[in-house]
Amino acid sequence: MDDKEKLSNPKVTIQTIQKYGFRFQKRYGQNFLIDDHVIRKILRAADITKEDTVVEIGPGIGTLTQYLAEAAGKVYAVEIDEKLLPILADTLSTYENVEVIHNDILKCDLNRLLGEGNRCKIVANLPYYITTPIIMGLLEGQVPAESITVMVQKEVAERMDAGPGSKIYGALSLAVQYYADTYLAANVPPNCFMPRPAVGSAVIRLTARKEPPVSVKDDRYMFRLIRTSFNERRKTLVNGLRNDPELGITKEAAEAALTEMGLPTTVRGETLSLVQFAELSDRLQP
Ligand code: SAM
């Protein structure tokens, strides 16, 4: 398809929306891309070839999907909004390698969809209202994804990419970096979408690690400890931890563990690296 006929041309998007009398649904986070350069940046960051099977989350009216279909071997596009289905049937009619699936991505069994042993690359301009559950569901759920390249709110992309000591470093940074290498590919201003979102956006690629960067006895206990450490940012780590009954940690045990690790007992959670959280978790787990 000629680029001018694609939905990345704002005129084509407007015509399509008017033709079907489509109304944007805020509750589904619908902000459609209308910028060819941004879509090309997403494709470059995702490194899509004809060898690849791509899962797109939320195709909308099919704007990014048209490019994915031309670059990939096969595209599964999972869309929750049934009003978009007739539009997608029209805008993707010339692409035989696209399958639209009407489902909520949080309920979709990607292992079953792809078939045993088959891997995929995930690409999406995500609905921002459920960015974290989608990303964490994909990373924790043993989905066979080599990489996840997504448009998210700029601040969320920066949090995923942040390291210890930074103000935005937190439980999300540690959880994402446990499973994946992060790469911030591009910042994207609101005028590249229709309608314009109230916030800036960014494209981030998460490349799945073969092995976690640290070994820890019980990663669920470690993530509980991490979450508690960041819930109480204004407290010292010791005071935060001893207030969480589920962890079962006393002030004395927390202080002793930190001292053995060569850290001051007044340390705050946001200065600890993943390696240090793993060591602390192993030392403190009852
Ligand atoms: N990919 C299109 C584009 O870039 O123009 C649309 C992106 S729009 C930001 C997000 C899309 O995700 C919308 O089409 C919305 O209906 C869909 N969506 C929202 N929640 C979803 C969910 N739980 N499962 C699947 N799709 C969802």
Side-chain angles (χ1 to χ4, degrees), residues 3 6-17 20 22-43 45-46 48 54-72 75-92 95 98-110 113 120-138 141 143 148-154 156-157 185-186 188-204:
D3 279 0
K6 287 196 174 119
L7 293 154
S8 54
N9 176 347
K11 281 188 197 147
V12 179
T13 282
I14 291 170
Q15 279 164 10
T16 306
I17 281 167
Y20 287 91
F22 177 76
R23 296 168 79 101
F24 290 95
Q25 300 236 43
K26 241 188 166 169
R27 70 184 170 122
Y28 286 145
Q30 290 175 341
N31 299 94
F32 298 162
L33 276 165
I34 46 164
D35 189 303
D36 165 79
H37 297 290
V38 172
I39 298 177
R40 291 189 188 284
K41 278 187 192 167
I42 298 174
L43 255 75
I48 304 297
V54 171
V55 174
E56 185 190 5
I57 301 164
I61 55 173
T63 315
L64 176 57
T65 329
Q66 291 182 332
Y67 288 75
L68 290 170
E70 286 175 11
V75 180
Y76 294 102
V78 182
E79 175 56 60
I80 198 169
D81 184 357
E82 66 175 359
K83 297 217 165 64
L84 289 166
L85 302 181
I87 307 182
L88 287 166
D90 179 0
T91 59
L92 301 175
Y95 301 105
V98 180
E99 199 174 310
V100 175
I101 291 142
H102 179 216
N103 203 350
D104 177 344
I105 190 66
L106 298 176
K107 296 184 183 144
C108 189
D109 182 347
L110 291 184
L113 179 71
C120 72
K121 290 180 177 170
I122 293 178
V123 183
N125 168 19
L126 283 181
Y128 294 174
Y129 74 107
I130 44 166
T131 299
T132 306
I134 292 177
I135 297 283
M136 291 319 301
L138 293 171
V143 171
I148 302 171
T149 306
V150 280
M151 178 87 70
V152 295
Q153 199 178 319
K154 183 167 180 274
V156 176
V188 181
N191 62 3
C192 297
F193 302 86
M194 188 185 295
R196 294 181 183 199
V199 292
S201 303
V203 179
I204 188 165

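In this text, all values refer to a predicted model and were calculated from it rather than measured experimentally. All ligand and atom numbering here is 1-based and tracks the order in the structure.
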**Message:** Under the side chain to side chain contact (heavy atoms under 4.5 Å, CB included) test against Thr16, which residue among Ile87, Asp90, Thr63 passes?
**Reply:** Ile87

**Message:** Taking only non-hydrogen atoms of Leu84, do any sit less than 4.0 angstrom from ligand 1?
**Reply:** yes

**Prompt:** Is it the side chain, the backbone, both or neither of Ala124 that has a heavy atom closer than 4.0 Å to ligand 1?
**Reply:** neither

**Residue Asp104 vicinity, atoms of ligand 1 by number, heavy atom under 4.0 Å** = 22 (C), 23 (N), 24 (N)

**Asked** Contact between Gln25 and ligand 1, counting heavy atoms under 4.0 Å?
**Response** no

**Message:** Does the plane of the ring in Phe22 sit parallel, tilted or perpendicular to the ring in Phe32? Use 30° and 60° as the thresholds.
**Reply:** parallel

**Request:** Using distance alone, determine whether Leu33 and ligand 1 share an N or O pair under 3.5 Å.
**Result:** yes

**Prompt:** Do Leu126 and Ile57 touch side chain to side chain, with heavy atoms closer than 4.5 Å?
**Reply:** yes

**Asked** For ligand 1, which atoms, with element, lie under 4.0 Å from some heavy atom of Glu56?
**Response** 1 (N)

**Request:** Consider ligand 1: state whether an atom of it lies below 4.0 angstrom from any non-hydrogen atom of Ile130.
**Result:** yes

**Complete:** Here the gap from Met194 atom CE to Thr13 atom OG1, rounded to the nearest 0.5 Å, amounts to 5.5 Å

**Asked** What heavy-atom pair brings Ala157 and Ile204 nearest, and what distance separates the two atoms?
**Response** O-CD1, 3.6 Å

**Item:** Where ligand 1 meets Thr63 - atom numbers and elements under 4.0 angstrom, heavy-atom basis
**Value:** 5 (O)

**Item:** ligand 1 contacted by Ile61 (non-hydrogen, < 4.0 Å)
**Value:** no

**Request:** Using a strict 4.0 Å cut-off to heavy atoms of Asn103, name the atoms of ligand 1 that fall inside it.
**Result:** 24 (N), 25 (C)

**Asked** Looking at ligand 1, does any of its N/O atoms fall within less than 3.5 Å of an N/O of Gly58?
**Response** yes

**Message:** With a heavy-atom distance limit of 4.0 Å, tell me whether Ile105 approaches ligand 1 through its side chain, its backbone, both, or neither.
**Reply:** both

**Asked** Just by modelled atom types, is the Asp81 backbone N or O under 3.5 Å from a matching donor or acceptor in the His102 side chain?
**Response** no

**Request:** Measure the distance from atom 9 (C) of ligand 1 to every protein heavy atom, then report the residue, atom name and distance (to 0.1 Å) of the closest one.
**Result:** Gly29 O, 3.2 Å

**Fill in**
Taking only non-hydrogen atoms of Gln30 and a 4.0 Å limit, the atoms of ligand 1 in range are 13 (C), 15 (C), 16 (O)

**Prompt:** When you check the side-chain N and O atoms of Ser8 and Tyr67, is any donor under 3.5 Å from an acceptor?
**Reply:** yes

**Request:** Please confirm whether Tyr128 comes under 4.0 Å of ligand 1, counting heavy atoms of the residue only.
**Result:** no

**Item:** Sub-4.5 Å side-chain heavy-atom contact between Gln30 and Leu84
**Value:** yes

**Asked** Sequence neighbours excluded, which residues qualify as side chain to side chain contact (heavy atoms under 4.5 Å, CB included) partners of Lys11?
**Response** Asn9

**Request:** Compare Asn125, Leu126, Val123 and give the one whose heavy atom is closest to atom 3 (C) of ligand 1.
**Result:** Asn125

